[in-house]
Novice: 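Dumping the structure here so I can ask a few things about it.
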Amino acid sequence: MDIFEILTLMDEKEIQVNKRLDSIISSNLDPFPFERINKGKALLKLMEEIRKYIETDQLLLAGMKLKELEYLGIKIVKK
């Protein structure tokens with residue numbers, strides 16, 4: 001899998017995470033689900049870090065962050 005495929009898949013996942021966050025916020029006003037919202041924000045931050053590492057050609061660090069993203073439940077790289 002090349003870098004462009006990874007970035008495309010990550011863009012799709014980012015859109016899904018944003019939609020899920022919006023859904024969580026709109027459907028759960030009280031009690032407020034802080035844990036789920038914080039996880040979503042952490043996933044988005046991690047995706048942004050991966051994108052920055054790829055843009056600066058630090059592919060080893062990007063791969064390590066991809067593994068961390070996979071550990072948190074988002075699979076980008078298909079095996």
Side-chain angles (χ1 to χ4, degrees):
M1 179 173 283
D2 69 355
I3 293 172
F4 298 110
E5 285 181 277
I6 291 172
L7 288 173
T8 302
L9 291 172
M10 211 166 51
D11 287 340
E12 292 170 7
K13 294 293 183 179
E14 191 172 355
I15 290 168
Q16 290 175 352
V17 170
N18 278 320
K19 285 182 182 179
R20 184 72 179 135
L21 275 175
D22 291 342
S23 169
I24 290 169
I25 291 170
S26 67
S27 66
N28 294 300
L29 298 177
D30 191 13
F32 211 66
F34 291 111
E35 183 178 314
R36 291 166 56 194
I37 291 172
N38 289 337
K39 181 178 180 183
K41 288 181 180 181
L43 291 172
L44 292 173
K45 182 180 176 188
L46 194 54
M47 287 182 205
E48 184 62 32
E49 287 178 29
I50 293 168
R51 191 171 278 107
K52 286 180 184 177
Y53 284 137
I54 290 173
E55 288 172 359
T56 59
D57 287 330
Q58 296 177 348
L59 301 181
L60 182 61
L61 293 172
M64 291 168 52
K65 291 293 181 178
L66 276 171
K67 282 292 188 186
E68 187 177 336
L69 192 64
E70 187 175 303
Y71 177 74
L72 292 174
I74 303 245
K75 294 193 182 354
I76 301 290
V77 180
K78 296 177 184 177
K79 295 179 181 180

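The figures here come from the full heavy-atom set of this structure, side chains too, leaving out hydrogens, waters and symmetry mates. We're numbering straight along the sequence, starting at 1.
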Novice: Should R51 and D11 be marked as a side-chain contact (heavy atoms from CB on, under 4.5 Å) after you check the CA-CA gap, both sets of side-chain angles, and the distance that decides it?
Specialist: CA-CA 10 Å; R51 191 171 278 107; D11 287 340; 2.5 Å; yes

Novice: With rounding to the nearest 0.5 angstrom, report the CD1 to CG distance, I50 to L69.
Specialist: 4.5 Å

Novice: Quick one: do L59 and L61 end up in the same hydrophobic cluster if we chain Ile, Leu, Val, Met, Phe, Trp and Tyr together by side-chain heavy atoms under 4.5 Å apart?
Specialist: no

Novice: Side chain of K13, backbone of L43: donor and acceptor closer than 3.5 Å?
Specialist: no

Novice: Indicate the atoms forming the closest heavy-atom contact of I24 with I37, along with that distance.
Specialist: CG2-CG1, 4.0 Å

Novice: Any chance you could lay out the side-chain contact (heavy atoms from CB on, under 4.5 Å) test for E48 and K52, step after step, and finish with the verdict?
Specialist: CA-CA 6 Å; E48 184 62 32; K52 286 180 184 177; 3.6 Å; yes

Novice: Hey, mind stepping through M10 and L7 against side-chain contact (heavy atoms from CB on, under 4.5 Å) and telling me if it holds?
Specialist: CA-CA 5 Å; M10 211 166 51; L7 288 173; 3.9 Å; yes

Novice: Can you check whether E12 reaches I15 side chain to side chain, under 4.5 Å on heavy atoms?
Specialist: no

Novice: Is there a path of hydrophobic side-chain contacts, each under 4.5 Å between heavy atoms of I, L, V, M, F, W or Y residues, that connects L72 with L44?
Specialist: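 In one cluster with L72: L44, yes.
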
Novice: Rounded to the nearest 0.5 Å, how far apart are CG of L46 and CG of L66?
Specialist: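 Going from the CG atom of L46 to the CG atom of L66 covers 8.0 Å.
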
Novice: Does F4 offer a backbone N or O that forms a donor-acceptor pair with the side chain of T8 under 3.5 Å?
Specialist: yes

Novice: In plain terms, say whether K65 and E68 are close enough for a salt bridge, that is, a side-chain N and a carboxylate O under 4.0 Å apart.
Specialist: yes

Novice: Of all heavy-atom pairs between A62 and I54, which one has the smallest distance, and what is that distance?
Specialist: CB-CG1, 3.8 Å

Novice: Decide side-chain contact (heavy atoms from CB on, under 4.5 Å) for M47 and V17; before the verdict, give the C-alpha distance in whole Å, the side-chain angles of both, and the deciding distance to 0.1 Å.
Specialist: CA-CA 11 Å; M47 287 182 205; V17 170; 4.0 Å; yes

Novice: Quick one: pull up OG in S26 and CG in L21 and give me the separation to the nearest 0.5 Å.
Specialist: 10.5 Å

